[in-house]
Engineer: 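Here you go, one structure.
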Amino acid sequence: AAIHESENAGLVAETFRMLNHLFGDPSSATPSADELTYLAAQLFASHDESAAIMYEAVLERNPNHPWAANNFAYGLLERGEQVLRAYELIQRAHAQLPTETAIIDSIGWARYRVGILEDTVNANGERIEGAITLLKRAAASASDLGDYVMYEHLGDALWRAGRRADAVQAWEHAAKMAQNTLDRVDGQTDAPPQLVEFIATVRASVEGLMRRRAAANAGGPGGDVEPETPEIFMNLREDALKIPLPDIRPAQTGAPGA
């Protein structure tokens, strides 16, 4: 409602600049209604339902907003909801920002979720990079807080593809990165709620990665113990391969992702 009021009163640019200042983000994005809505969506980053409403509002104004498409679709994938829609949205994001590490990870994860692990072609004969190719590329650029997830994703894809030794190696690397992240941020006094939530998430990831490694080592090739990896919706694979690559030119710039 506030964004509609901003539009009606001709205050989009002014409101955009104010929000940008609050975020401390000198974004070069054009102060349009969709960018204002995207900025507002960041306020709800830790609240799935509220963030989804805002991202939907961005995409209603601009169906090709790359970061809104990426962030909204990634949340859907994590929850296992509207997987094909998420897959299509992330393909749109990747078409515009093909070198953004976070988006490369997202499209790799989307391909994992529909069981496209190896490179293949879609129903139109277009070359499709599989989850492993994409996640290797994303992991190679991993460096920031939270980037351990890219190695976690890669390990999951490698395990599902039967490359078990490589999977364990990726999980171990992810665990080391996650532990380093914990060592940097854990134990801070008077930490804001967002940081407390982040620390809890990282700690849970370390524990999960250790369980994967233990199960893999206990089971061995052909063993009875199977590490818990996120679900693959194989029943959606053929439908995903019917979704063509979008005819969208790469964007020159993009608002930073969350």
Engineer: Work out which heavy atom in R212 is nearest to a heavy atom in P227; give both atom names and the distance.
Structural biologist: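 Shortest heavy-atom contact: O-CG, 3.6 Å.
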Engineer: Would you mind checking if R164 and E226 are paired as a salt bridge, meaning a charged N to carboxylate O distance below 4.0 Å?
Structural biologist: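 Salt bridge present between E226 and R164.
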Engineer: Pairing donors with acceptors under 3.5 angstrom, does anything connect the side chains of W109 and E78?
Structural biologist: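 Yes, E78 and W109 have a side-chain donor paired with an acceptor closer than 3.5 Å.
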Engineer: Any Lys/Arg nitrogen of E228 or R211 sitting under 4.0 Å from an Asp/Glu carboxylate oxygen of the other?
Structural biologist: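 Salt bridge flag = no for R211 with E228.
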Engineer: Hey, mind stepping through R111 and Q91 against side-chain hydrogen bond (donor to acceptor under 3.5 Å, both in side chains) and telling me if it holds?
Structural biologist: CA-CA 10 Å; R111 298 244 162 96; Q91 286 204 145; 2.8 Å; yes
Engineer: Is there a path from L182 to M150 through hydrophobic residues (I, L, V, M, F, W, Y) whose side chains come within less than 4.5 Å of each other?
Structural biologist: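 Unlinked, L182 and M150 end up in two clusters.
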Engineer: What about H65 and Y38, are their ring centers closer than 6.0 Å?
Structural biologist: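 Centroid separation for H65 and Y38: below 6.0 Å.
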Engineer: Backbone N or O of N64 within a donor-acceptor pair of the Q96 side chain at under 3.5 Å?
Structural biologist: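 Judged by distance alone, yes, a pair lies under 3.5 Å.
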Engineer: Can any side-chain N or O of E126 pair as donor or acceptor with the backbone N or O of L245 at less than 3.5 Å?
Structural biologist: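 Yes, the answer is positive, given that a donor and an acceptor are paired below the 3.5 Å cut-off.
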Engineer: Between R92 and E88, does any side-chain N to carboxylate O distance fall below 4.0 Å?
Structural biologist: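 Yes.
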Engineer: Could you tell me whether R85 and E56 make a salt bridge, using a distance below 4.0 angstrom between a side-chain N and a carboxylate O?
Structural biologist: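 Yes, charged N to carboxylate O under 4.0 Å.
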Engineer: Looking only at atom types and distance, does a side-chain atom of N70 sit under 3.5 Å from a main-chain N or O of P66, one as donor and one as acceptor?
Structural biologist: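 A pair under 3.5 Å: no.
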Engineer: Do N122 side-chain atoms and K242 backbone N/O form a donor-acceptor pair below 3.5 Å?
Structural biologist: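 Looks like no, no N/O pair under 3.5 Å.
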Engineer: Taking atom types as modelled and ignoring hydrogens, do the side chains of Y148 and T181 form a donor-acceptor contact shorter than 3.5 angstrom?
Structural biologist: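 Per modelled atom types, Y148 and T181 side chains form no pair under 3.5 Å.
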Engineer: Does K136 come within less than 4.0 Å of E129, counting only side-chain N to carboxylate O?
Structural biologist: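 Looking at E129 together with K136, the answer is no, because their closest N to O distance does not fall below 4.0 Å.
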Engineer: For a quick test of reading the model, state the closest non-hydrogen atom pair linking L135 to A157 and the distance between them.
Structural biologist: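 The answer is CD1-CB, 3.9 Å.
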Engineer: For residues V185 and M177: do they belong to one hydrophobic cluster (side chain heavy atoms under 4.5 Å, members Ile, Leu, Val, Met, Phe, Trp, Tyr)?
Structural biologist: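 Yes, same cluster.
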Engineer: Considering non-hydrogen atoms only, spot the tightest contact between M210 and A175 and give its length.
Structural biologist: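 In terms of heavy atoms, the two residues are closest at CE-CB, 3.2 Å.
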Engineer: Establish whether I116 and V121 are linked, either directly or via other cluster members, by ILVMFWY side-chain heavy-atom contacts under 4.5 Å.
Structural biologist: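 Each belongs to a different hydrophobic cluster.
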